[in-house]
Amino acid sequence: MKARSSRASISAGYRLYTGNFKRIFRYSWVAALVYAAVCSVGGTLMVLRPQLVLLTVGIILVAEALFASYGFAVLRQHQASGSIALTGRWFNIDAHILIRTLKCWLCVAAILIAAGAVVGAVGYAALKLLSPYTAMGCVSLVSLVAICLLLPLTYVAPRYVLCEDAGFWRQLRRGYPVAMRRWGFIFTVSFVVAIVQAALVLVTSLPASILTLANMSSAQSLMMGDTIGMPPHIGWLAAATFLLIGFIQAYVQLSALFPTYYMYGAIEANERERDEFRAKVTNSKPLNP
C-alpha cells in the first residue's frame, strides 16, 4: 500500500505471484482442479455440441469467479500481514471472500450487460438512420467510449472485495471518481496485463483450438457426405485435453489479480497522500484578521 509507478506495480505483482507460487498452489489446487473439471465438461460440450456454447461459457465464468476468490483470499492475507502463509491443509475455502467475489462478479456482469445493451441500441438506431459505413463508425466510437468508461471497474472490483467498509454500489460511487482521476495509470497496468494474459492463454489453449477446428472440419465433411474423420474416442480425448488446459489456465488467469492488487494499493496510497496534502494546505492558511 504505497505509491508506485505502473511499471513498479506490474513487476511487484508478478514478483509476488511467482515468489509465492508454491504457497498459492498448495492453498488452491483443489479449487483449480474443480475449475479444470468444469472447463473439461464445458470444452467437450463445445466440441461435440457447438449450439450450447453460450450456456457453457456462462458456467465457465461462474467457475472462474469461484477460483478467483482464492486469489482474493491470498491477497487479503497479504494486505493484512504483508506475507502469504504456507497452509498445511489440502482443502481451504474463505466463504466470506467467496461470497463477496460472487457478488462482485454479478454486479460487474450487470454493468457489462447494461453497457452492451446501450451499444446494441445505438448500433440498431445507427443502422436504421445512417449509411452502413457511418453506422459502423458510430458503433465503433460508442464502443470505445464504453470501454473507456468501464475501465475504472478494474480498480473498483478489487477494492470492493478487499475492503469491507461498503457494498459494491457504494464502493462504485466512491471509487469511480478516484479511478477516473487515475485513468491513465489504470489503463497502462490493464493494457500490459491484458497483453501478457492474451499471450499466455493463446499458447496454453493451442491444443484445444486445434482439437476444436479438427472437429468442426470433420462435421462439415460429414454434412457434405464424407465419412467422419474423428476417432471414436474423441470425447475422452477432448475431456482430457480441456482438463489439463483448464488447470494450467486457472493459474495463468489468477496471475492477473496480483498486478491489479498493487495497482489498487498504489491508487489508495496516492489518494491518501493527496488528502493529507490538501489537509495540510488548508490548515496552513492564515486566518483573516
Side-chain angles (χ1 to χ4, degrees), residues 1-33 35-36 64-94 96-98 100-101 104-105 108 151-164 171 175 178-179 182 184-201 203-204 247-273:
M1 303 293 289
K2 69 177 185 179
R4 289 181 171 89
S5 65
S6 56
R7 180 178 178 180
S9 298
I10 294 168
S11 60
Y14 283 120
R15 189 165 55 248
L16 178 66
Y17 182 69
T18 56
N20 293 274
F21 183 77
K22 182 179 179 180
R23 292 180 169 90
I24 296 169
F25 183 84
R26 288 188 62 177
Y27 178 73
S28 61
W29 70 269
V30 176
L33 193 59
Y35 171 75
E64 186 176 332
L66 295 176
F67 185 66
S69 69
Y70 280 78
F72 280 120
V74 168
L75 292 174
R76 188 176 73 161
Q77 181 187 117
H78 183 268
Q79 184 180 22
S81 64
S83 62
I84 298 174
L86 181 63
T87 180
R89 294 182 295 175
W90 67 273
F91 178 71
N92 301 272
I93 186 169
D94 189 325
H96 182 67
I97 288 293
L98 173 61
R100 290 186 73 84
T101 304
C104 180
W105 242 246
V108 170
L151 187 62
L153 292 177
T154 58
Y155 162 74
V156 174
R159 192 179 195 281
Y160 162 72
V161 178
L162 297 174
C163 296
E164 303 181 10
Q171 288 278 18
V178 174
R182 308 289 177 181
F185 175 68
I186 295 174
F187 172 79
T188 303
V189 175
S190 301
F191 183 72
V192 174
V193 170
I195 291 177
V196 173
Q197 294 301 109
L200 293 175
V201 169
V203 172
T204 55
F247 190 81
I248 295 173
Q249 288 194 355
Y251 289 99
V252 169
Q253 295 169 8
L254 190 66
S255 66
L257 290 181
F258 288 74
T260 305
Y261 165 67
Y262 277 99
M263 177 193 75
Y264 144 75
I267 293 175
E268 292 290 295
N270 281 320
E271 286 299 304
R272 185 166 57 246
E273 292 176 1

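Evaluation of the side chain to side chain contact (heavy atoms under 4.5 Å, CB included) rule for Ser11 yields Arg15 as partners, not counting sequence neighbours. Residues that satisfy the side-chain hydrogen bond (donor to acceptor under 3.5 Å, both in side chains) test with Ser69, not counting sequence neighbours, are absent from this structure. Applying the side-chain hydrogen bond (donor to acceptor under 3.5 Å, both in side chains) criterion to Tyr264, with sequence neighbours excluded, gives Gln79. Under the side-chain hydrogen bond (donor to acceptor under 3.5 Å, both in side chains) criterion, Asn270 pairs with no residue, sequence neighbours left out. Applying the side-chain hydrogen bond (donor to acceptor under 3.5 Å, both in side chains) test to Ser255 and every residue at least two apart in sequence or in another chain returns Gln197.
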Open item on the list: Please determine whether side-chain contact (heavy atoms from CB on, under 4.5 Å) holds for the pair Trp29 and Tyr251, giving the CA-CA distance in whole Å, both sets of side-chain angles, and the decisive distance to 0.1 Å.
Closed with: CA-CA 9 Å; Trp29 70 269; Tyr251 289 99; 3.9 Å; yes
TODO: Evaluate the criterion side-chain contact (heavy atoms from CB on, under 4.5 Å) for residue pair His78 and Tyr261; output intermediate values, then yes/no.
DONE: CA-CA 10 Å; His78 183 268; Tyr261 165 67; 2.9 Å; yes
- [ ] Quick one: do Phe258 and Ile24 satisfy side-chain contact (heavy atoms from CB on, under 4.5 Å)? Show the steps, please.
- [x] CA-CA 12 Å; Phe258 288 74; Ile24 296 169; 3.6 Å; yes
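For the residue pair Ala250 and Tyr35, the shortest heavy atom distance occurs at CB-CD2, 3.5 Å. Across Leu257 and Gly71, no two heavy atoms sit closer than the pair CD1-CA, 4.1 Å. Between Thr101 and Ala65, the shortest heavy-atom contact is CG2-O, 3.4 Å. Across all their heavy atoms, Tyr70 and Ala31 have their closest contact at CE1-CB, 3.3 Å. Shortest non-hydrogen contact noted between Phe185 and Ser9 is CZ-OG, 3.6 Å.
With a 4.5 Å cut-off on side-chain heavy atoms, Arg100 and Phe72 do not count as touching. Ile186 has its side chain within reach of Ile267: a pair of non-hydrogen atoms, C-beta onward, lies under 4.5 Å apart.
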Could you pull out all donor-acceptor pairs under 3.5 Å where a side-chain atom in residues 152-162 meets a protein atom, sequence neighbours excluded?
| unit_1 | atom_1 | unit_2 | atom_2 | d |
| --- | --- | --- | --- | --- |
| Thr154 | OG1 | Leu151 | O | 2.8 |
| Tyr155 | OH | Arg159 | NE | 3.1 |
| Tyr155 | OH | Glu268 | OE2 | 2.4 |
| Arg159 | NE | Glu268 | OE2 | 2.9 |
| Arg159 | NH1 | Gln171 | OE1 | 2.4 |

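Between the OG1 atom in Thr204 and the CZ atom in Phe247 there is a gap of 13.5 Å [rounded to 0.5 Å]. Going from atom CG of Leu254 over to atom CG of Leu75 covers 8.0 Å, rounded to the nearest 0.5 Å. In this structure, Arg23 CZ and Ser28 OG are separated by 13.5 Å, a value rounded to the nearest 0.5 Å. Expressed to the nearest 0.5 Å, how far CG of Leu200 lies from CD1 of Ile195 amounts to 12.0 Å.
When the options Arg182, Arg7, Arg4, Met263 are evaluated for a side-chain contact (heavy atoms from CB on, under 4.5 Å) with Val189, the one that passes is Met263.
For the 3.5 Å distance criterion, the side chains of Gln77 and Tyr27 fail to qualify, holding no donor opposite an acceptor.
Using a 30° and 60° split on the angle between ring planes, Tyr17 and Phe21 fall in the perpendicular class, above 60°.
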